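Please read the structure below before turning to the comments.
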Amino acid sequence: MTSIETAGRGRSTIARVSRLRSHASRFLRAAWLVPVAIVLAACGGGGGSSTTAPASTIVVAGKVTYTDYDVGATGIQYASPNARPIRGAVVQIESPPGTVLFTGSTTPAGSYLFSGVPTGASIRVVVKAALGSPTAPDTRVIDNTNGGSLYEVSRTATTGTAALTLDFNAESGWDGTRYATAREAGPFAILDVIYQGQQLLRSVDASIVFPPLDVNWSVANKPAATLNLAAGDIPSTAFDRGPNVMYVMGAADIDTDEYDSHVIAHEWVHYLQQYFSRTDSTGGDHTIGADILQPSIAFDEGLGNAMAGMILNDPNMVLTSGPGQQTATVYDLDGDTVLDTAQWAGTSGVLLDGYYSEVSIMEVLWDLFDAGAGDDDAAAVGFAPIYRALVNGHKNTDGFTSIFSFLTALKAEVPAQAAAIDAVAQTENIGPNGYDEFQQVELPGSALPPLYTDVDPAGGLMTVDAQGNALQILDFFGPIAVTDPGNKIFNQRFFRFTAPTDGCFRLEVTPDATTATADLFIGFPMLTGVINRAGAGGTETYAFDMNAGDVGAYLVGALASPAVFNTRMARVGNIGDAACVTP
């Protein structure tokens, strides 16, 4: 077979927001392949190299590619296919087919090379949709509708006495009007996005080890209210931090995401947050540019969009769907998706831009990364400080994760650029100067409360916020329900407490007489589940040890209906007292 030329990677691709929320050895040097079944001489290199081997063996080499497509304003560009290299994937030779002779990884050019292959043998070259150690991959793309089987593409041949070149391509299955044959390329398009993400992180953290990740993709995967992997029913393309897996849409004419690279990268960023940084997001539905979100959720989704662009080095986000995959939604990370003067539809005076907007956050983060002449590029710190902020200060914040905890951490990483970082944030209504991880800001032009309320360190009962308004759960920006505590701002209220002395402190939250039957819950940073012991009308409590000067945060929410409540944090014993520790 003749070699397949590989086009450069310059796709324009997407951002998509998920609805679910939420080990590998170092990348093998491409010049070496590892024999596993029987010990024969093995050397690596590009597909065009030659190697001297014993007379009874030969070299088998080649390049493997997959059919890829750019995406744009009119959807997937099927008229212009591209042959991209399958990079970093597990590759093996079987001889006879079914018996593994050698295994290794493809090079960044998609090449493989094995020496010591017997002459006059039936062989099968297999490329698996897996990254990492050939014997223990960290990332696998699997078919959730076929028992979780690992995707692979292969070709067979019979060796002679001369070196054999075997190039092949994983085909898309598109015949010009529809998917008519096997969609071999899909799993490798997904895999390549993750490969790029791993390479970006390795460029700033050479020792990073990626925990195992299974990506569930099937041509049967379609939107459904209830998850049923065997049937291909998934709520959306998403990272699910419960089982720590990804789901990816694949149903033609409905929603296929294997070529929507920003979608894949966005969800992979949530995987990174889970293992290397931190998320305090409680998840839920959200719409780009239209929601006033709980700040942890706004940050997570904005980060997913922005970092997808960083991974792909592409600010153009395109989401394709519909008949023929020809419907597209386009966003520009380097532009201004929401006008600076745009206000939330429900009231005057509340701007859509702000710390509660995933659009504002994705544009701020992109501008901080990008050195180009874009929308608001007053600072360009590059990826390394952004990564360090995520895995250090932001990860360890005492408050709930938000754009404020991230920017505070980023300024600690690059203090010389603190003023420029502030200037970028302020273009999206995030500030003002002097903010910290507990920024106590009011929504501009409104009487709505600040983000955090300080709790009386002397243990006094708190019934009002800093403005003197009653403490209450608000559903102004979005509803709450029995099964959904809401993910809009002020669906949960945030509190900060500074311990005045060492001791065991007990937190109490109680609905007041006007909403006495309300079902309250409490939550803490790094604990995205809710604590709800008492049921409707009861007092929620939690006890824990703190040292003098320690700062803690908690949130209060409600199920089924808004509530007015009071809260206190009081010292009730000494550090280590068994009676003070909540099970």
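Bear in mind the structure is a predicted one, so any value in this text is a computation, not a measurement.
Interatomic distance, Ile190 CD1 to Asp257 CG, rounded to the nearest 0.5 Å: 8.5 Å. The CG atom of Leu227 sits 8.5 Å away from the CG atom of Asn216 when rounded to the nearest 0.5 Å. Residue Thr408 holds its OG1 atom at 10.0 Å from CD1 of Ile421, rounded to the nearest 0.5 Å. Rounding to the nearest 0.5 Å gives a distance of 10.5 Å between CG of Asp300 and CZ of Arg278. Taking CZ from Phe299 and CG from Leu293, the interatomic distance works out to 13.5 Å, rounded to the nearest 0.5 Å. One distance of note links OG1 of Thr237 with CD of Glu258; it measures 9.0 Å at 0.5 Å rounding.
The aromatic rings of Tyr355 and Phe404 sit tilted, their planes meeting at an angle between 30° and 60°. Ring geometry for Tyr452 versus Phe494: interplanar angle of 30 to 60°, hence tilted.
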TODO: Test Ile575 against Asn547 for side-chain contact (heavy atoms from CB on, under 4.5 Å), laying out the working first.
DONE: CA-CA 8 Å; Ile575 289 178; Asn547 293 313; 3.1 Å; yes

Open item on the list: As a quick check of understanding, evaluate side-chain hydrogen bond (donor to acceptor under 3.5 Å, both in side chains) for Tyr247 and Asn221, giving each step before the final call.
Closed with: CA-CA 8 Å; Tyr247 314 121; Asn221 283 0; over 6 Å; no

- [ ] List the steps and the verdict of side-chain hydrogen bond (donor to acceptor under 3.5 Å, both in side chains) for Asp260 and Thr320.
- [x] CA-CA 7 Å; Asp260 287 356; Thr320 66; 2.8 Å; yes

- [ ] With side-chain contact (heavy atoms from CB on, under 4.5 Å) as the test, would you mind laying out the steps for Val556 and Ile522 before giving the verdict?
- [x] CA-CA 5 Å; Val556 178; Ile522 55 179; 4.3 Å; yes

Open item on the list: Set out, in order, the CA-CA distance, both residues' side-chain angles and the distance that settles side-chain contact (heavy atoms from CB on, under 4.5 Å) for Ile194 and Tyr271, then state yes or no.
Closed with: CA-CA 11 Å; Ile194 297 174; Tyr271 154 87; over 6 Å; no

Open item on the list: Working note: Thr397 + Glu437, criterion side-chain hydrogen bond (donor to acceptor under 3.5 Å, both in side chains); need CA distance, chi angles, decisive distance, verdict.
Closed with: CA-CA 7 Å; Thr397 178; Glu437 58 202 306; 2.3 Å; yes

- [ ] Would you please test Arg496 and Val551 for side-chain contact (heavy atoms from CB on, under 4.5 Å) and show each step?
- [x] CA-CA 7 Å; Arg496 175 175 63 176; Val551 178; 3.8 Å; yes

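A donor-acceptor pair under 3.5 Å is formed between the side chain of Asn429 and the backbone N or O of Asp353. In terms of modelled atom types and a separation under 3.5 Å, the side chain of Thr510 and the main chain of Asn566 share no donor-acceptor contact. Panel note: side chain Gln294, backbone Ile297; a donor-acceptor pair is recorded below 3.5 Å. In terms of modelled atom types and a separation under 3.5 Å, the side chain of Asn532 and the main chain of Asp519 share no donor-acceptor contact. Between the side chain of Thr401 and the main chain of Asp280, a donor-acceptor pair closer than 3.5 Å is present. Of the possible donor and acceptor atoms, one in the side chain of Thr567 sits under 3.5 Å from a partner among the backbone N and O of Glu508. Side-chain atoms of Thr427 come within 3.5 Å of backbone atoms of Val424 as a donor-acceptor pair (strictly under, hydrogens ignored). For the pair Lys222 (side chain) and Ala231 (backbone), a donor-acceptor distance under 3.5 Å is present. In terms of modelled atom types and a separation under 3.5 Å, the side chain of Thr515 and the main chain of Val564 share a donor-acceptor contact. Here the side chain of Asp370 pairs no donor or acceptor atom with the backbone of Trp366 at under 3.5 angstrom.
Contact between Val209 and Pro211 at its shortest, heavy atoms only, is O-CD, 3.4 Å. Residues Thr282 and Gln492 approach most closely at OG1-OE1, 4.4 Å, considering heavy atoms. Scanning all heavy atoms of the two residues, the minimum distance from Thr337 to Asp332 falls at OG1-O, 3.9 Å. Across all non-hydrogen atoms, the minimal contact from Ile531 to Glu540 is O-OE1, 3.7 Å. Looking at every heavy atom in both residues, Ser277 comes nearest to Leu390 through OG-O, 2.6 Å. The shortest non-hydrogen separation linking Asp475 to Pro562 is OD2-CG, 3.4 Å.
Using a 4.5 Å cut-off on side-chain heavy atoms (C-beta onward), Leu201 and Leu272 make contact. Counting heavy atoms from C-beta outward, Ile361 and Phe406 have side chains that stay 4.5 Å or more apart. Contact of the Val263 side chain with the Val248 side chain is not registered, since no non-hydrogen atoms from C-beta on lie closer than 4.5 Å. Between Thr498 and Pro457 there is no side-chain heavy-atom pair separated by less than 4.5 Å. For the pair Asp502 and Met546, the minimum side-chain heavy-atom distance is 4.5 Å or more. Side-chain contact between Leu229 and Ile234: present, with at least one pair of heavy atoms (C-beta onward) separated by less than 4.5 Å. Residues Tyr387 and Leu200 form no side-chain contact, since every pair of their non-hydrogen atoms from C-beta on lies 4.5 Å or further apart. Contact of the Met569 side chain with the Leu507 side chain is registered, since non-hydrogen atoms from C-beta on lie closer than 4.5 Å.
With sequence neighbours excluded, the residues forming a salt bridge (charged side-chain N to carboxylate O under 4.0 Å, His left out) with Asp214 are Arg140, listed by chain and number. Partners of Lys395 by salt bridge (charged side-chain N to carboxylate O under 4.0 Å, His left out), not counting sequence neighbours: none found.
Not less than 6.0 angstrom separates the ring centroid of Phe476 from the ring centroid of Phe490. The distance between the ring centers of Tyr542 and Tyr554 does not fall below 6.0 angstrom. In this structure, Phe505 has its ring center closer than 6.0 angstrom to the ring center of Phe497. Under the 6.0 Å cut-off for aromatic ring centres, Trp344 and Tyr356 do not qualify, their centroids lying 6.0 Å or more apart.
The existence of a salt bridge linking Asp422 and Lys411 is confirmed by a sub-4.0 Å separation between a basic side-chain nitrogen and an acidic carboxylate oxygen.
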